[in-house]
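All residue numbers refer to positions in the sequence shown, counting from 1.
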Amino acid sequence: MSLHDDALALAPDLVRLRHDLHRFPELGLALPRTQERVLQALDGLPLEVSQGSALSSVTAVLRGGRPGPVVLLRGDMDALPVAEKAPLPFAADNGAMHACGHDLHTTMLAGAAHLLAARREQLHDDVVFMFQPGEEGWDGAGAMLAEGVLDAAGRRPVAAYALHVSSAMPHGEFSSRRGPILAASAALNVTVHGSGGHGSAPHRAKDPIPAACEMVNALQTMVTRRFDVFDPVVITVGLLQAGTQRNVIPETARFEATVRTFSAEAQSRVADTTVELVRAIAAAHGLRAEVEFIPGYPVTETDAAETDFLADTVRNVFGEQRYQPMPNPITGAEDFSRVLDAVPGSFAFLGAAPKGTDPENLPPNHSPYAEFDDGAALYAELADRRLAA
Ligand SMILES: [Zn+2]
């Protein structure tokens, strides 16, 4: 029996686990129930299991029966603060929702642990299973790295892999790319300090609103004039606040932007240029700007050889047509970037659009459907084949 056949046999259990995780989503770094469910799902397997202290992570090490290196597989486990509206029998009703499909990732990784544990004797040594809380902006990966997940097997992994479902891709299709696959993220927070007054007499005040508006526009011009079009930068101001009523000039105006880049060089340069630009515009108007540039996750960058290996594995296991190279990176960000900064590896998307639907017409990453067995099989195949390579 192939790993894929074993995975098919495991599918009903995986579906049950996933429905249960979906029914009780948890947010951030503390996922006590999810952690408990994962521990139950791994119970009885020949694993060295440990739990995080600063977060409810689960790290499990499977020792193979043959000599070889270490490979790490990661599944994230946290949900989003979105009230579920999907009419599903296993829909959540606690105000949170697995709207990004991390319930699927957790389930597939637990499935891979079962598949690999069953062939432990033939395995060319160790697999680290990284069940991670807090991907959605909490840097759970950074926290697990700080708690030593990369040394869980006693030796550093030679490769690390993670999967992410996507309802924007056809059902069952796997996709990845060499190099940058997801953006680096950062936050830009600006407060323009002026002095208030009557709207009828702006010359007696220092109006922060026109300056803030100028900054919002100038940031877009800056992106097109100061950055290479082939190393793109995205800046979106999503919050703009000032004033209380039409005839009062306020003391301050405030805006917040998200910044996305695809190289370490652009990320470091955009930090300097945005701060410089905002301060200079404020100064030009006799105002003062308080500027915060807060780096988030780094660029998620896959290793070329590991991505080729992942693509070959998908083609060998599932067939040629199941792998599609991604032409461009995605502007979302991922804390698996922290792992890929430390260990070569790859990251792939798994199409989870419901069978027979057009992914173009679905809400992004909202899908209740996916091929758990294929995801679990791919995780297991990657570890098995990479260890034997
Ligand atoms: Zn996600």
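Under 4.0 Å is where a charged nitrogen must lie from a carboxylate oxygen, and between Lys206 and Glu251 no such pair does. Salt bridge annotation for Arg63-Asp125: absent, with no cationic side-chain nitrogen under 4.0 angstrom from a carboxylate oxygen. Salt-bridge formation is not detected for the pair Asp312/Arg385: no Lys NZ or Arg NE/NH1/NH2 atom is positioned less than 4.0 Å from an Asp or Glu carboxylate oxygen. A salt bridge links Asp20 with Arg33; the closest basic N to acidic carboxylate O contact falls under 4.0 Å. Arg16 and Asp13 are joined by a salt bridge, as a carboxylate oxygen and a charged side-chain nitrogen come within less than 4.0 angstrom of each other. Salt bridge annotation for Asp374-Arg322: present, with a cationic side-chain nitrogen under 4.0 angstrom from a carboxylate oxygen. The residues Arg254 and Glu256 are annotated as salt-bridged, a charged nitrogen and a carboxylate oxygen being separated by less than 4.0 angstrom.
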Inset, instruction - Verify side-chain hydrogen bond (donor to acceptor under 3.5 Å, both in side chains) between Gln267 and Thr261, making sure each step is shown before the conclusion. - result: CA-CA 6 Å; Gln267 173 79 337; Thr261 50; 2.8 Å; yes
Inset, instruction - Would you please test Val275 and Thr273 for side-chain contact (heavy atoms from CB on, under 4.5 Å) and show each step? - result: CA-CA 6 Å; Val275 172; Thr273 49; over 6 Å; no
Inset, instruction - Carefully, step by step, assess Ser2 and Asp5 under the rule side-chain hydrogen bond (donor to acceptor under 3.5 Å, both in side chains). - result: CA-CA 5 Å; Ser2 70; Asp5 295 331; 3.3 Å; yes
Legend entry - Candidate pair Glu306 and Arg386, rule salt bridge (Lys or Arg N to Asp or Glu O under 4.0 Å), full reasoning: CA-CA 9 Å; Glu306 295 300 342; Arg386 186 63 182 80; 3.0 Å; yes
Inset, instruction - Evaluate the side-chain contact (heavy atoms from CB on, under 4.5 Å) criterion for residues Thr59 and Met130: first the C-alpha distance (whole Å), next the side-chain angles of each, then the deciding distance (0.1 Å), finally the verdict. - result: CA-CA 5 Å; Thr59 302; Met130 174 180 176; 5.7 Å; no
Inset, instruction - Go through Cys213 and Val216 one step at a time and tell me if the side-chain contact (heavy atoms from CB on, under 4.5 Å) criterion holds. - result: CA-CA 5 Å; Cys213 294; Val216 171; 5.7 Å; no
Inset, instruction - Kindly determine whether Glu26 and Thr34 satisfy side-chain hydrogen bond (donor to acceptor under 3.5 Å, both in side chains), including the steps that lead there. - result: CA-CA 7 Å; Glu26 295 176 301; Thr34 306; 2.7 Å; yes
Inset, instruction - Please report the C-alpha distance between Met77 and Val38 in whole Å, then the side-chain angles of each, then the deciding distance to 0.1 Å, and finally whether the side-chain contact (heavy atoms from CB on, under 4.5 Å) criterion is met. - result: CA-CA 10 Å; Met77 308 193 286; Val38 167; 3.9 Å; yes
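Listed for the Glu147 side chain is a donor-acceptor partner under 3.5 Å among the backbone atoms of Ser53. Of the possible donor and acceptor atoms, one in the side chain of Ser57 sits under 3.5 Å from a partner among the backbone N and O of Gly52. Between the Ser166 side chain and the Leu350 main chain, no donor and acceptor come within less than 3.5 Å of each other. Remark: the backbone N or O of Gly154 is not paired with any side-chain donor or acceptor of Asp151 at under 3.5 angstrom. Using modelled atom types, one side-chain atom of Ser175 and one backbone atom of Gln324 make a donor-acceptor pair closer than 3.5 Å. The main-chain N or O of Arg177 is found under 3.5 Å from a side-chain atom of Thr302 such that the two form a donor-acceptor pair. A donor-acceptor pair under 3.5 Å is formed between the side chain of Glu84 and the backbone N or O of Ala92. In terms of modelled atom types and a separation under 3.5 Å, the side chain of Asp335 and the main chain of Gly140 share a donor-acceptor contact. The main-chain N or O of Leu21 is never found under 3.5 Å from a side-chain atom of Asp103 such that the two would form a donor-acceptor pair. In this structure, the side chain of Asn94 engages the main chain of Pro25 through a donor-acceptor pair within 3.5 Å.
Follow the hydrophobic side-chain contacts under 4.5 Å out from Leu240 and you reach Val192 in the same cluster. Both Leu72 and Val70 are part of a single hydrophobic cluster, where members link through side-chain heavy atoms under 4.5 Å apart. By the criterion of side-chain heavy atoms lying less than 4.5 angstrom apart, applied directly or through intervening Ile, Leu, Val, Met, Phe, Trp or Tyr residues, Val270 is grouped together with Phe255 in one hydrophobic cluster. Under a hydrophobic clustering in which Ile, Leu, Val, Met, Phe, Trp and Tyr are joined whenever their side-chain heavy atoms come within less than 4.5 Å, directly or via other members, Met222 and Val259 fall into the same cluster. By the rule that hydrophobic residues join a cluster once side-chain heavy atoms approach within less than 4.5 Å of another member, Met215 and Ile235 end up as members of one cluster.
One distance of note links OH of Tyr379 with CE of Met108; it measures 5.5 Å at 0.5 Å rounding. Rounding to the nearest 0.5 Å places CD1 of Ile181 at 11.5 Å from CZ of Phe262. A distance of 12.5 Å separates CG of Leu27 from CE of Met97, quoted to the nearest 0.5 Å.
Annotation: side chain of Phe230 is not in contact with side chain of Pro232 (no heavy-atom distance under 4.5 Å). Looking at heavy atoms from C-beta onward, His102 lies in side-chain contact with Glu136 at the 4.5 angstrom threshold. Two residues are said to be in side-chain contact when any heavy atoms from C-beta on lie closer than 4.5 Å; Val127 and Val61 fail this criterion. Looking only at side-chain heavy atoms (C-beta outward), Val291 and Thr274 stay at 4.5 Å or farther from each other. A heavy-atom distance below 4.5 Å is found between the side chains of Thr106 and Phe131. In this structure, Phe347 and Glu334 have side chains that are in contact, with non-hydrogen atoms separated by less than 4.5 Å. Side-chain contact between Val190 and Glu290 is absent, with no heavy-atom pair separated by less than 4.5 Å. Residues Leu188 and Glu292 are not in side-chain contact: their nearest non-hydrogen atoms beyond the backbone lie 4.5 Å or more apart.
Annotation for Pro208 and Ile249: closest pair CD-CG2, 4.1 Å, computed over non-hydrogen atoms. The two residues Ile281 and Ala211 have their closest heavy-atom pair at CG2-O, 4.0 Å. Nearest heavy-atom pair across Gly196 and Ala205 is O-CB, 3.6 Å. Looking at every heavy atom in both residues, Ala333 comes nearest to Arg260 through N-NH1, 3.7 Å. The two residues Ala117 and Pro46 make their nearest non-hydrogen contact at CB-CD, 3.8 Å. In plain terms, the two heavy atoms of Ala305 and Asp303 that are nearest each other are N-OD2, 3.1 Å.
Under a cutoff of 6.0 Å and an axis angle of 45°, Arg74 and Tyr161 do not form a cation-pi pair.
Results of the side chain to side chain contact (heavy atoms under 4.5 Å, CB included) test with Leu382 over Val317, Leu310, Val71 single out Leu310 as the only residue that passes. His105 pairs with exactly one of His22, His98, His164 by the ring pair (Phe, Tyr, Trp, His ring centres under 6.0 Å) rule, that one being His164.
You'll find the ring centres of Phe174 and Phe318 inside the 6.0 Å limit.
Between the side chains of His285 and Glu214, at least one donor N or O lies within less than 3.5 Å of an accepting N or O. In the model, Gln35 has no side-chain atom that pairs as donor or acceptor with a side-chain atom of Ser56 under 3.5 Å. Using modelled atom types, one finds no donor on one side chain facing an acceptor on the other under 3.5 Å when comparing Thr258 with Thr236. For the residue pair Gln122 / Arg119, no side-chain donor-acceptor distance below 3.5 Å is found, with atom types taken as modelled.
Few gaps surround CZ on Arg155; more than 12 heavy atoms of other groups in view lie less than 6.0 Å from it.
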